*Asks:* 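Quick one: this structure, given as structure tokens, is what I'll be asking you about.
Counting starts at 1 for both ligands and their atoms, in listed order. The structure presented is a predicted model; accordingly, all values stated were derived computationally and were not measured.
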Amino acid sequence: MTSPAERAARLDAEDPLAPLRERFVLPDGVVYLDGNSLGPLGQGVPERVDDVVRRQWGEHLIRAWNDDDWWTAPLRIGDRIGRLVGAAAGQVTVGEPTSVQLFQALTGAARLRPDRRLLLSDAAHFPTNRYLAGSVARLLGLTVREVPAAGLPAALAESGPEVAAISYGAVDFRTGDRLDVAGLTAAAHAAGALAVWDLSHAAGALALELDADEVDLAVGCTYKYLNGGPGSPAFIYVAHRHQAGLDLPLTGWHGHATPFGMTAQFEPAAGIAQARIGTVPIVSLLALDRALDVFDDVGLAAVRRKNQQLGDFFIDLVDDLAAGTGLEVASPRDRERRGSQVTLSHPDALPVMAALIHRGVIGDLRPPNLLRFGLGAPYTRYADVVTAVETLTGVLRSGEHRRPEYAVRRTVT
Ligand SMILES: Cc1ncc(COP(=O)(O)O)c(C=O)c1O
């Protein structure tokens, strides 16, 4: 019987994406499985940041807005992200935190369906999505009904004519469940509603097809699988067909038809430029621009194939090695229904993850008892999966996680 290490060696040797790992700066002695929270640093990004700060800002000063194309960067980089999510040019801009883009998207969608009073959203949605849906509802006099994705077709069949929009995540942040973007969007449309998707756990990991799937609006962060860096700005997608009738709530001057006309009244720019708001974090945005180079010659279909295979391998090893440790697989076993992470549950998840991180295997933790392992295909090796699962089961079998220092809950888990 071949050992896990031998299986991994063969899979790594056959992996067409293996050379991409060289495009990242990864510390020695660390197995990094938290790209679902913060992607790693790309080669060339520090140099780009240095250039933006020292030369563009330091030497060009205000002239950089024209000479270094700072002004056009949100739309130019938006189009680059568009290519990764199946969106033709002119439908994506980048600029704010995901939460702000979400507020824009949800309000914009509800205003496109002014006669309808219901927002359907996921009880399992990321908290910011739930909080903002509630706020948008209070502002516009709507009601939010939280419906699990599996119940969405039935809810749409029942209340369809009242539903303005549905708001779901393409991949569940806890379990990694992948939702059927095309199917649920079609179900929303059949009821006359719009579909707003959060792609934070999907962009850069799944082969998304926003245009082909007729998604209406979408948002996503860029610091997870797009590796943009801490706090890199989020994107918003508005399908061409909705842009003319759009009424976004945050009418900042960068979204004006003539920003330097300094006119008294807001007049939205044509196209996706109207979704710009104010001055973007240029250093962060241009770091993201460089980070996206990783995907220049890599298809998302190949990335997706590899993260599915990494996930299958991870789950196989858990099945083989973790019997009797209390670990359970909380992600779908079907690779088509799983995003780019594997989530395990364990009653002692908090100290187990702390012990694991101490041993150099970095994943993260979500309440109540979930251990998340992101599988960023461009830089994760099958050998890393073996190290992770062997270390995890080793920690549990030795009881190492019971040491008092691992019981401390840190602010960011
Ligand atoms: C689905 C989802 N939406 C939004 C966010 C975060 O939003 P923000 O960029 O505003 O912090 C996260 C963060 O992990 C997320 O998982």
Side-chain angles (χ1 to χ4, degrees), residues 33-40 74 77-78 81 85 92-107 109 119 121-136 144 146 148-149 165-179 181 184 195-206 208 210 215 217-237 249-250 275 277-278 280-281 284-285 287-288 291 330-331 338-343 362-367 370-376 411-413:
L33 300 181
D34 209 9
N36 51 310
S37 274
L38 177 66
I77 298 165
I81 292 174
V85 297
V92 179
T93 186
V94 194
E96 322 295 324
T98 323
S99 302
V100 176
Q101 300 291 29
L102 197 65
F103 178 74
Q104 289 275 77
L106 286 175
T107 311
L119 286 178
S121 185
D122 197 347
H125 220 336
F126 189 77
T128 209
N129 302 65
R130 301 177 74 187
Y131 307 154
L132 281 156
S135 179
V136 169
V144 179
E146 291 192 328
I166 66 162
S167 164
Y168 285 76
V171 175
D172 182 298
F173 77 105
R174 284 192 187 85
T175 60
D177 272 55
R178 183 185 77 84
L179 299 195
V181 172
L184 294 175
V196 180
W197 287 97
D198 187 326
L199 308 176
S200 293
H201 289 267
L206 304 190
L208 294 162
L210 298 191
V215 166
L217 293 96
V219 303
C221 79
T222 59
Y223 45 73
K224 299 182 192 291
Y225 295 111
L226 295 173
N227 312 308
S232 58
F235 65 90
I236 182 169
Y237 161 92
L250 297 174
I277 303 172
V280 291
S284 202
L285 181 63
L288 164 67
S331 291
R338 193 176 63 230
S340 186
Q341 76 190 53
V342 169
T343 304
I362 303 181
D364 67 16
L365 195 69
R366 287 294 172 265
L370 299 176
L371 300 155
R372 296 194 308 181
F373 300 95
L375 303 168
T411 310
V412 177
T413 60

*Asks:* Considering only protein heavy atoms, which is closest to atom 3 (N) of ligand 1, and at what distance to one decimal place?
*Replies:*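 For atom 3 (N) of ligand 1, the nearest protein heavy atom comes out as Asp198 OD2, 2.7 Å.
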*Asks:* To the nearest 0.5 Å, what is the distance between CG on Leu102 and OG1 on Thr98?
*Replies:* 8.0 Å
*Asks:* Starting from atom 11 (O) of ligand 1, find the nearest protein heavy-atom neighbour and note its residue, name and distance.
*Replies:* Tyr223 OH, 3.3 Å
*Asks:* For atom 10 (O) of ligand 1, what is the nearest protein heavy atom, given as residue, atom name and distance?
*Replies:*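 Closest protein heavy atom to atom 10 (O) of ligand 1: Ser99 OG, 2.6 Å.
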*Asks:* Let me confirm one number: the CD1-CG distance from Ile236 to Leu199, rounded to the nearest 0.5 Å.
*Replies:* 11.0 Å
*Asks:* Identify the closest protein heavy atom to atom 12 (C) of ligand 1: which residue and atom is it, and at what distance?
*Replies:* Phe126 CE2, 3.4 Å
*Asks:* On the 0 to 90° scale, with breaks at 30° and 60°, tag the His201-Phe173 ring pair as parallel, tilted or perpendicular.
*Replies:*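 Correct class here is tilted.
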*Asks:* Looking only at protein heavy atoms, identify the closest one to atom 7 (O) of ligand 1 and say how far it is in Å.
*Replies:* Thr98 CB, 3.3 Å
*Asks:* Would you check the N or O atoms of Thr128, main chain and side chain alike, for any that come under 3.5 Å of an N or O of ligand 1?
*Replies:* no
*Asks:* Would you sort out whether His125 and Glu146 count as a side chain to side chain contact (heavy atoms under 4.5 Å, CB included), showing the intermediate values?
*Replies:* CA-CA 9 Å; His125 220 336; Glu146 291 192 328; over 6 Å; no
*Asks:* Report the C-alpha distance between Trp197 and Leu210 in whole Å, list the side-chain angles of each, state the deciding distance to 0.1 Å, and finish with yes or no for side chain to side chain contact (heavy atoms under 4.5 Å, CB included).
*Replies:* CA-CA 10 Å; Trp197 287 97; Leu210 298 191; 5.8 Å; no
*Asks:* Report the part of Leu102 in contact with ligand 1, treating N, CA, C, O as backbone and CB onward as side chain, heavy atoms under 4.0 Å; options are side chain, backbone, both, neither.
*Replies:*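 Leu102 to ligand 1: no contact under 4.0 Å from either part.
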*Asks:* Of all the heavy atoms in Lys224, does at least one lie under 4.0 Å from an atom in ligand 1?
*Replies:* yes
*Asks:* How many angstroms lie between atom CG of Leu250 and atom CD of Gln101, to the nearest 0.5 angstrom?
*Replies:*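 Going from CG on Leu250 over to CD on Gln101, the span is 9.0 Å.
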*Asks:* What residue and atom, counting heavy atoms only, is the protein's closest point to atom 16 (O) of ligand 1, and at what distance?
*Replies:*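 Ranking protein heavy atoms by distance from atom 16 (O) of ligand 1, first comes His201 NE2, 2.7 Å.
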*Asks:* What I want to check is whether the side chains of Ser37 and Arg372 have a donor and an acceptor closer together than 3.5 Å.
*Replies:*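 The answer is yes; a qualifying pair exists.
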